[in-house]
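Inspection log for the structure reproduced underneath, given as structure tokens.
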Amino acid sequence: MMEKKKAVLWVDWVVWGILMAVLILAYTSADRFLIMISRGGQMIFVPLVVLFFNHVDWKQALKERERGLILCVAAGILVVVNMFLAKSGIGVVFDIANLLLILYLSDKIEMDDVSLVIIIAGFLQILSYWTNHDGSGYNANTISMVVFEAAVISALCGCSFLSKWNKGWLVYLYLAAAIPTMVWPIAKQFRGRTTLVAVLVMLFFFLAVPKLLWRIRALYYALMFGGLSVTLAVPALFTRIYVSYLNRGLTFSGKVRIFGGREPVWLQFYEAWAEEPWTGIGNDYAAKIPDLLFFNVHNGLFHILMVYGIPVFLITLVLFGMVIVKIRTDEITLAKKLGLSLFLAMVAMMATESYIITSFSNLIFFFVLLVIFRENGGAGKDAAQNGQ
């Protein structure tokens with residue numbers, strides 16, 4: 001097994017500072033968000049590459065034919081080839097490259113306390129900003145997610161940081177204050193249904209599911225892989241229902257349109273993808289779907305399949321699986337339990353949004369994985385705490 005490369009700590013601190021600066025700028029102004037999100041892939045790609053070279057001895061990894069890196073390289077080559085075949089712009093490369101790097105690096109980076117403090121401080125600044133500002137300039141789902149992310153990532157990192165003093169239990173008080181007073185009211189005000197569902201999923205698994213059940217490996221796999229499967233099944237199932245209504249000449253009314261009109265959009269992407277399933281349709285949606293209703297796939301895994309094609313989709317699923325398998329569940333700390341609950345909450349969000357896949361949600365997912373693997377190594381263990 002390849003030994004981990006000795007990283008330069010200050011390089012990590014600079015990277016986290018840059019990434020948090022990007023998030024603070026994007027998450028405190030709707031105008032800046034719109035400007036930055038269009039170049040979000042490129043903005044995140046460079047720091048991730050720096051992290052890669054700071055933590056990975058890539059020559060040794062290639063020499064030893066490390067599976068994760070080989071899969072990432074193979075997917076990268078396919079993406080570039082497909083970019084030309086599907087006549088896409090260069091921008092199509094960055095979102096998938098970022099996700100591949102995030103999945104690959106998640107267990108390679110050992111988060112130290114300074115890194116956690118940088119991330120906590122950034123998200124607390126975002127959260128404090130929204131205590132007295134109006135988020136109506138954002139898309140309704142976006143502002144709901146921004147506040148949710150700021151609250152839960154600061155809670156997760158704070159729990160891991162404080163657990164070294166056996167104070168990780170304070171996360172209960174923090175969430176009890178932040179969710180009812182900020183996260184839930186803002187999501188309800190702007191009808192951010194995706195966020196409301198994510199809050200409920202997170203709270204259920206964090207508060208109602210005891211640590212003992214997480215330790216049952218078969219149950220853990222069922223939850224994690226089952227969550228991903230359900231996410232992918234959502235567009236397939238409800239698009240089929242939508243088509244059946246059309247074929248019978250029925251009106252697809254609000255009573256059955258529980259996903260806010262995403263069903264016809266999923267159908268449009270599917271019909272375009274069916275013409276080029278191996279390469280995907282690329283990122284020039286308007287050229288492939290001239291009458292497109294929304295320029296957003298609105299499902300994370302479906303997005304990868306539609307945009308990048310079957311081979312890249314399958315490689316990405318394998319990398320997801322490798323991450324899930326590497327997470328230890330023989331000992332569940334409070335922070336790890338919260339991280340796993342957030343993993344499932346974000347997978348639930350991925351059912352109706354291109355979440356985890358695109359900027360800046362992929363970076364939020366990265367932080368969750370990093371804390372889970374920090375706890376994997378025993379940093380900040382809180383076995384003596386009174387968590388469930």
Side-chain angles (χ1 to χ4, degrees), residues 7 11-30 32-56 58 68-69 72-73 75-76 79-80 83 88-109 111 115-116 118-123 125-126 138-139 142 145-146 148-150 152-154 156-157 283 296-297 300 303-304 307-308 312 316 319-320 323 342-343 346 349-350 353-371 373:
V11 173
D12 280 3
W13 300 340
V14 171
V15 169
W16 303 133
I18 291 172
L19 290 175
M20 288 313 306
V22 168
L23 285 177
I24 290 170
L25 289 172
Y27 279 9
T28 55
S29 166
R32 283 199 301 266
F33 180 86
L34 291 175
I35 293 171
M36 296 175 72
I37 196 67
S38 62
R39 294 290 181 268
Q42 294 92 316
M43 296 171 71
I44 292 177
F45 178 72
V46 174
L48 287 178
V49 169
V50 172
L51 287 175
F52 173 83
F53 285 109
N54 193 35
H55 288 270
V56 178
W58 61 273
L69 185 56
C72 287
V73 171
V79 168
V80 173
M83 177 183 70
S88 299
I90 186 66
V92 75
V93 172
F94 293 103
D95 281 338
I96 191 64
N98 290 341
L99 179 63
L100 295 173
L101 281 169
I102 285 168
L103 292 172
Y104 177 71
L105 289 172
S106 60
D107 70 324
K108 308 291 188 300
I109 299 174
M111 293 286 282
S115 299
L116 284 181
I118 292 170
I119 295 169
I120 293 167
F123 280 110
Q125 183 173 339
I126 295 169
Y138 285 89
N139 173 280
T142 301
M145 291 178 186
V146 164
F148 170 73
E149 291 167 355
V152 297
I153 300 303
S154 57
L156 176 64
C157 293
N283 63 348
N296 189 316
V297 183
H303 178 109
I304 300 174
V307 175
Y308 299 101
V312 174
T316 306
L319 288 170
F320 262 106
V323 168
L342 282 171
F343 185 108
M346 291 179 178
M349 295 171 81
M350 193 164 53
E353 301 292 340
S354 291
Y355 203 77
I356 293 178
I357 309 305
T358 57
S359 303
F360 295 104
S361 62
N362 52 7
L363 192 53
I364 306 302
F365 183 59
F366 191 29
F367 292 145
V368 172
L369 292 180
L370 288 173
V371 173
F373 279 106

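Distance check, rounded to the nearest 0.5 Å: OG of Ser106 to CG of Leu101 gives 11.0 Å. Distance CH2/Trp16 to CG/Leu370: 5.0 Å, rounded to 0.5 Å.
Using modelled atom types, no side-chain atom of Tyr104 and backbone atom of Leu319 make a donor-acceptor pair closer than 3.5 Å. Looking at Asn98, its side chain does come within 3.5 Å of a backbone N or O of Gly41 through a donor-acceptor pair. A donor-acceptor contact shorter than 3.5 Å links the side chain of Tyr138 to the backbone of Thr28.
Residues satisfying the side chain to side chain donor-acceptor pair (under 3.5 Å) criterion with Trp13, sequence neighbours excluded, are Asp112. Remark: Ser29 pairs with Asp31, Arg32 by the side-chain contact (heavy atoms from CB on, under 4.5 Å) rule, at least two apart or across chains. Applying the side-chain contact (heavy atoms from CB on, under 4.5 Å) criterion to Ser354, with sequence neighbours excluded, gives Asn296, Val297, His303, Thr358. By the salt bridge (charged side-chain N to carboxylate O under 4.0 Å, His left out) test, Glu353 pairs with Arg262, sequence neighbours left out. Residues forming a side-chain contact (heavy atoms from CB on, under 4.5 Å) with Ala26 (at least two apart in sequence, or on another chain): Phe33, Met36, Phe360.
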All N/O donor-acceptor pairs, side-chain side in residues 42-56, below 3.5 Å, sequence neighbours left out:
unit_1: Asn54; atom_1: OD1; unit_2: Val8; atom_2: N; d: 3.0
unit_1: Asn54; atom_1: ND2; unit_2: Val8; atom_2: O; d: 3.1
unit_1: Asn54; atom_1: ND2; unit_2: Asp12; atom_2: OD1; d: 2.9
unit_1: His55; atom_1: NE2; unit_2: Asp12; atom_2: OD1; d: 2.9
unit_1: His55; atom_1: NE2; unit_2: Asp12; atom_2: OD2; d: 2.8

Working for side chain to side chain contact (heavy atoms under 4.5 Å, CB included), residues Ile96 and Ile304: CA-CA 8 Å; Ile96 191 64; Ile304 300 174; 4.3 Å; yes
Show the numbers, then the answer: is there a side chain to side chain contact (heavy atoms under 4.5 Å, CB included) between Leu19 and Leu23? CA-CA 6 Å; Leu19 290 175; Leu23 285 177; 5.7 Å; no
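Considering all non-hydrogen atoms of both residues, Ile126 and Ala150 come closest at CG2-CB, 3.9 Å.
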